[in-house]
Every structure is written in C-alpha cells, then in structure tokens.
Amino acid sequence: MIAETSQDAMRTLVEDLFEPHGSRRADTSVGAELELIPIRRALRTRVGIEDGATGPGTAGVARRAGAANDWTETIDGYGAPSWLTPEGGRVCYEPGGQFEISSPVFTSAHELEHFLSATVESLRAAATDSGISLLASGIDPYNNIDDVPSEIRAPRYDAMVRYLDAIGPSGRRMMRQTASLQLNVELGPDPLMRWALLNALAPYLTAAFANSSSYAGAPTGHASHRAWLWRTLDPTRTGIPFDASDGVGAYATFARRAGRIVDDDRGHLSTLFPEVRPRGYFELRSMDAMEPARAGDAIRFVCSLIHDEDVAAEVWSVIGPPDVMLLDRAALAGRRDPLLGERLEILESIAAGV
C-alpha cells in the first residue's frame, strides 16, 4: 500500500531521479524514442510481431533491416525480439506491436535526427515487400481496440491492463494503439529549474506537434487524441506534478498518491507517466509520433529553448509557470487554441533566433 512508504523514504528515491546517473554528459546531449504503428497496407489492419493468417509479421521486417545494417538480434526483458544497432540504439516493441526506435545519446540534434531518419528508412524499405506500412502517427487511425490484440504478455503489462481497465478504456488504447516521440534531455546545471521549464513547455509541445486527430476510421474532434487518452487515463499518475516551492517534494507526494500497479517502490516509480519524467535525465512525453524530418524540427525546437540560460529565461517570461489546465486545451485544439497558438508563435520566433 502507498501508506507503507513514508514521504521521507519516497523523497530519498525521488532525489536520485534528479541526479545524473553515471558520468556526466555534455548539457547539449540528447536522445529520443520514436514509435511507429504497423498497418497491413491493403486491408488497413494491424500487423502482429510474428507471421499470421493475414500475412507476414513485423519481426521479419526488422530482421531484413537488421541484416542490411548489422543489427544484432536479441530478446528483450518481456520475451519479445529486439535489435541492437551499431551506434548503440535499439529497435523493440510496445505492447500492441508498435515499433519503438530508441536512440543512443548524441551530442547534437542533427546527429539524432540522422539516426532516426536512417532507422525509419531501413525499416520501411524492409516492410515494402511485405505490404506493411509503418505509420508515424500518434494513434492508429484505422482500427478500434477490439481489433488490436496484445502482442506482448508479461506480468508488468498484464498488471497495468488490470489496473487501468478498472478506470476506463483509455489504458489499453494507450498501450496498444498509440505512438509518440519521447525526447530525452540532460538535467542541466540547475535540474529543478529545467524541470519547471520543461513542465511549462509540455502543453505547447503537445499543441505544436499534434498528429492524431483520427481514430478507428473517424475524426475524434481532438488535435491529439493520443494526448486526450493520457488526460483520461489515470489522474494519479499523469499530468504535471509541479510545485515551485519544493519540486522534489511535490514529485515524492505525487508518487506516494499514485495508484499501485507494482509493489516495490522503484518499480512503482517506473509506472508513473507525467508529461516530464525524471530518470537521471528528463524524458519529455508530450508529443505524438511524427515523421523523422518533423521530429528533427521538434528536437531542435526544444533544444534551442532550454540549453541557453538567457533564452530559457525569455521562454519562461512568455509562458510562465507550469499550468496543468493547458494540457486539456492542447489535446483538444492544438495550436488552434488562441492562447497556445499566440504563445507558440513567440516561442518559434525565439527558437529561430538562437
């Protein structure tokens, strides 16, 4: 039970998340995870990992791409195949069979964009002969959840499904049907200040890069239906847990109050999904999946706004402290929201001048 973990004990664990792990990297170091949704091109149905009645699976796609690029096949912690790239990246799977491309750490946004572009191009080239399309979209635009079985069965995922199903349908849709661009940035010289800025930027990133307005063959009325699912998933483990007076304490309280999916405290922390998750670096979780070139725009946009102290201060003066209420507006209207749209124009002008 949550009550068994004291605030002090949880705070100690959380403090470690705001400290760099291993040797300190350059402040401009950046990494990302980009997810892709596999669709049978002719039928617009989802594609499983292994070959099935409707055609080849995506494991064969990854094996062909791997053979052409010297990837090393292995088995991940959930028993599914995954591939290690020579650069130190990884290609693996999400619960619904979505591809996840995890980059190594790069020292520049340009290097990261090149890695993502080359990896996506390799997978798509290998998918062509199998009649498979790999969609860079925030959610499956064609299929309902009933047509997308779980491709990975593991105790952690099974526990998440049981817990989230008790709340509503958004959990399994998130796990099996969504795809995102997650950007990983360093803690910076003042981690709590950077964390505050990134949390403040989260709704603007959702709005600027919204890419999931259709679901199950119909428009949703949301600029980012993926973000809307997160808003309706579980309010105890999502959102913006921020307090300017005590950032670490606020996150520790957030962690203690979140519903338990697993028993141990460190495992519990890994089941929290705020917009910005501290992990010895900061993981930005606010953006839909998008094409690599657009992902490059997103990466450069974020990096240009946070890496220079004076620029970061200017950004803060434009958007102010984190505002969780803006997350709903970002998911619903994207940059069509008057406030978000007006401020995004200013942020883009600032980024262009860096």
Side-chain angles (χ1 to χ4, degrees), residues 21-23 25 29-39 46-52 55-106 111-130 132-136 148-161 175-184 262 264 266-267 269-271 273 277 279-281 283 285 289 292 295:
H21 296 172
S23 58
R25 295 184 292 258
S29 296
V30 62
E33 296 176 4
L34 177 62
E35 296 163 349
L36 303 170
I37 300 171
I39 298 292
R46 284 291 288 274
V47 182
I49 295 174
E50 303 298 341
D51 296 351
T58 59
V61 169
R63 289 181 180 119
R64 287 194 294 277
N69 293 278
D70 295 323
W71 298 352
T72 301
E73 183 169 350
T74 184
I75 300 296
D76 69 15
Y78 302 119
S82 64
W83 293 264
L84 304 177
T85 75
E87 302 91 343
R90 185 174 66 147
V91 176
C92 57
Y93 288 103
E94 287 291 294
Q98 309 99 308
F99 273 126
E100 178 185 280
I101 301 168
S102 297
S103 83
V105 176
F106 291 104
E111 293 174 316
L112 175 56
E113 180 186 358
H114 177 76
F115 172 84
L116 293 176
S117 296
T119 307
V120 171
E121 182 179 347
S122 295
L123 286 169
R124 283 178 167 165
T128 299
D129 291 341
S130 298
I132 296 172
S133 294
L134 301 178
L135 304 183
V148 183
S150 178
E151 290 290 322
I152 301 176
R153 299 302 303 270
R156 173 186 167 92
Y157 287 152
D158 291 345
M160 288 182 66
V161 169
M175 293 176 68
R176 305 208 300 256
Q177 293 192 278
T178 62
S180 67
L181 170 68
Q182 296 180 7
L183 187 60
N184 303 323
V262 296
D264 68 285
R266 291 190 183 277
L269 288 172
S270 75
T271 70
F273 305 110
R277 184 160 65 171
R279 304 182 62 184
Y281 53 89
E283 180 184 81
R285 307 174 53 84

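These numbers come from the heavy atoms of this one structure, side chains and all, not from hydrogens, waters or symmetry mates.
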Rounding to 0.5 Å, atoms OG1 (T74) and CG (D76) come to a distance of 8.0 Å

Looking just at side-chain N and O atoms, do T58 and Y93 make a donor-acceptor pair shorter than 3.5 Å?
yes

Keeping the roles fixed (side chain from S150, backbone from I152), state whether a donor-acceptor pair exists under 3.5 Å.
yes

Can any side-chain N or O of E50 pair as donor or acceptor with the backbone N or O of G57 at less than 3.5 Å?
no

Nearest 0.5 Å please: distance from the CD1 atom of I37 over to the CZ atom of R176.
13.5 Å

Is the closest side-chain heavy-atom distance between D70 and T85 below 4.5 Å?
no

Closest non-hydrogen contact found for W83 with A59 is CZ2-O, 3.9 Å

R46 side chain to G96 main-chain N or O, any donor-acceptor pair under 3.5 Å?
yes

All heavy atoms of A126 vs all of A65, minimum pair found to be CB-N, 3.8 Å

From I75 CD1 over to C92 SG, what is the distance, rounded to the nearest 0.5 angstrom?
12.0 Å

Checking side-chain polar atoms at under 3.5 Å, does E100 have a donor or acceptor matched by the opposite partner on S102?
yes

Measure from the side-chain N and O atoms of E35 to the backbone N and O of S180, and report whether any donor-acceptor pair falls under 3.5 Å.
yes

Distance check, rounded to the nearest 0.5 Å: M160 atom CE versus F273 atom CZ?
3.5 Å

With the side chain counted from C-beta on, respond yes when L183 and V30 share a heavy-atom pair under 4.5 Å apart, and no when they do not.
yes

From T72 OG1 over to L84 CG, what is the distance, rounded to the nearest 0.5 angstrom?
6.0 Å

Count the heavy atoms of every other residue, nucleotide or ligand shown that sit under 6.0 Å from CD of E73, and state whether that count exceeds 12.
yes

What one should report as the nearest heavy-atom pair of A295 and L181 is CB-CD2, 3.9 Å

Under the 3.5 angstrom rule, does the side chain of T119 hit a backbone N or O of F115 as a donor-acceptor pair?
yes

Just checking, is any N or O donor in the side chain of R64 or S130 under 3.5 Å from an acceptor N or O on the other one?
yes

Search all heavy atoms of P86 against all heavy atoms of W71 and return the closest pair with its distance.
CD-CD1, 3.8 Å

Please name the pair of heavy atoms, one in L36 and one in A179, separated by the smallest distance, quoted to 0.1 Å.
N-CB, 4.4 Å

Any donor and acceptor pair, going by atom type alone, linking the side chain of Q98 with main-chain N or O of T178 inside 3.5 Å?
yes

Would R153 and D158 satisfy side-chain contact (heavy atoms from CB on, under 4.5 Å), going step by step from the backbone distance to the final call?
CA-CA 7 Å; R153 299 302 303 270; D158 291 345; 2.9 Å; yes

Tell me yes or no: between the side chains of R156 and S270, is some donor less than 3.5 Å from an acceptor?
yes

Separation between CD of E151 and CD1 of I49, rounded to the nearest 0.5 Å:
5.0 Å

Is any side-chain heavy atom of V47 less than 4.5 Å from a side-chain heavy atom of I39?
no

Exercise: identify the closest heavy-atom pair between L123 and F99:
CD2-CZ, 4.2 Å

Using only atom types and a distance under 3.5 Å, with no angle test, would you say the side chain of R124 pairs donor to acceptor with the backbone of L134?
yes

Are R277 and R285 side-chain neighbours, meaning at least one heavy-atom pair lies under 4.5 Å?
yes

